[in-house]
Engineer: 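One structure, as structure tokens, below. Some questions next.
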Amino acid sequence: MKIGNNIIAFIERRVILAAVLIGLMSGGAIAQSRKSSVHKPAPSQQAKLKSDIAATKTELIKATTEYKSSLATLVSMYEAELKNAQAQLETRKQLFTQGIISKKELEDSEKKIAEAQAKISGSQKQMAEADDFIAESSVIDDDEPSRTPNLTGRYTATPALIRYTGTAHWALADAAKVGSYFISHFGHQMPISAYGQTATHDRLGFDHRNSVDVAVHPDSDEGQALMAYLKSAGIPFIAFRHAVSGSATGAHIDIGYPSHRIGVSASAR
């Protein structure tokens, strides 16, 4: 058991280090982007800068993928913990009935189950957020003029994404009316995977304060209906079909103003 706990602790440290690395890499990309905006480089320097930013983005996506892989390893280990805790609870229930153990010992087993379930849920949420981060990093260019609200009502679609810039001003509180529409139309809660800024966005260096991620595929019936509603209401969104080419992982609809790396344009939000 001690060896298992040591392994889990090691993987947890790996996850933390991976998040720190991603944050540092993201910061490097910000510095390069700022440098190019302050001092317009010569064409050859501009090409090199663009190449450097693209390489940083590739490494950023790779690091985030490894971060997600470490989380998946943790989930498997937490699931094993949960299975052991559940077996222990069943045994202790019998012992408690026979008067061999105290109620506190029984409650300790129940607490272990709750803790394991919370760890699994938390890690799975971080994995989903990492998927969304990979999707957003993959398809949005660093020099794209998407940092400030652009309420032109422009609609564009590519194999990777569908984007609508909106015509109405958006605030995070407006997500409530979108959620109400979703419930009335589909009879269940809108599957929100990230509401505003989350701990994962902080760790990965992304500003997500005015965005809501909805875990529906844009090509599904729910995705199509949601996008039609958002467009009719003038609400901006970006719908991601996949995180990386050939994969459905990371598909979601990002409602609100586009996310950007922290420090690029915080004042615009």
Side-chain angles (χ1 to χ4, degrees), residues 1-27 59-90 107-138 172 175 179 188-209 211-217 240-244 247-255 259 261-262:
M1 187 69 176
K2 186 176 180 181
I3 293 174
N5 289 338
N6 287 341
I7 293 173
I8 290 175
F10 173 74
I11 299 296
E12 287 174 336
R13 285 196 295 271
R14 264 185 62 185
V15 168
I16 293 169
L17 287 171
V20 171
L21 174 63
I22 292 166
L24 290 172
M25 292 172 67
S26 180
E59 289 301 315
L60 188 63
I61 293 170
K62 181 183 176 183
T64 307
T65 302
E66 291 172 354
Y67 165 76
K68 182 190 165 190
S69 178
S70 295
L71 285 169
T73 301
L74 273 181
V75 168
S76 296
M77 300 182 84
Y78 291 151
E79 286 173 340
E81 268 190 358
L82 176 60
K83 188 175 179 180
N84 290 335
Q86 288 170 332
Q88 184 189 64
L89 177 62
E90 291 306 311
E107 290 173 344
D108 285 344
S109 290
E110 292 172 340
K111 185 179 178 182
K112 284 182 181 179
I113 289 176
E115 288 173 349
Q117 289 172 332
K119 287 178 183 177
I120 292 169
S121 177
S123 296
Q124 287 175 334
K125 187 174 186 297
Q126 286 177 280
M127 288 172 66
E129 290 170 350
D131 279 337
D132 293 347
F133 177 82
I134 292 169
E136 294 171 21
S137 297
S138 298
L172 195 60
H188 63 86
Q189 293 284 341
M190 186 166 66
I192 294 175
S193 57
Y195 183 87
Q197 193 73 5
T198 68
T200 299
H201 288 100
D202 286 338
R203 282 192 293 269
L204 302 183
F206 248 50
D207 186 340
H208 197 262
R209 288 174 294 173
S211 301
V212 176
D213 289 347
V214 182
V216 296
H217 197 292
F240 298 88
R241 287 194 166 102
H242 51 69
V244 291
S247 170
T249 303
H252 69 285
I253 298 176
D254 187 331
I255 303 173
S259 301
R261 290 186 175 89
I262 290 172

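No experiment lies behind these values; they were computed from the predicted model shown.
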Engineer: What are the two closest non-hydrogen atoms of Ala175 and Met190, and how far apart are they?
Structural biologist: O-CE, 4.3 Å

Engineer: So, applying side-chain contact (heavy atoms from CB on, under 4.5 Å) with His208, which one of Asp254, Thr198, Leu172 is it?
Structural biologist: Asp254

Engineer: Nearest 0.5 Å, what's the OG-CD distance between Ser109 and Gln86?
Structural biologist: 11.5 Å

Engineer: When rounded to the nearest 0.5 angstrom, what is the spacing between CG in Asp108 and CD1 in Ile113?
Structural biologist: 11.5 Å

Engineer: Out of curiosity, Asp213 CG to Tyr195 OH, how far, rounded to the nearest 0.5 Å?
Structural biologist: 12.5 Å

Engineer: Do other residues, nucleotides or ligands put more than 12 heavy atoms under 6.0 Å from Lys125 NZ?
Structural biologist: yes

Engineer: Go through the structure and list residues passing side-chain hydrogen bond (donor to acceptor under 3.5 Å, both in side chains) with Ser193, not counting sequence neighbours.
Structural biologist: Asp132

Engineer: Got a second to check how far Lys68's NZ is from Glu66's CD, nearest 0.5 Å?
Structural biologist: 13.0 Å

Engineer: If you look at every heavy atom in Arg241 and His217, which pair is closest and at what distance?
Structural biologist: O-NE2, 3.3 Å

Engineer: Can you tell me how far apart CD (Gln126) and OG (Ser121) are? Round to the nearest 0.5 Å.
Structural biologist: 10.0 Å

Engineer: Measure from the side-chain N and O atoms of Ser123 to the backbone N and O of Lys119, and report whether any donor-acceptor pair falls under 3.5 Å.
Structural biologist: yes

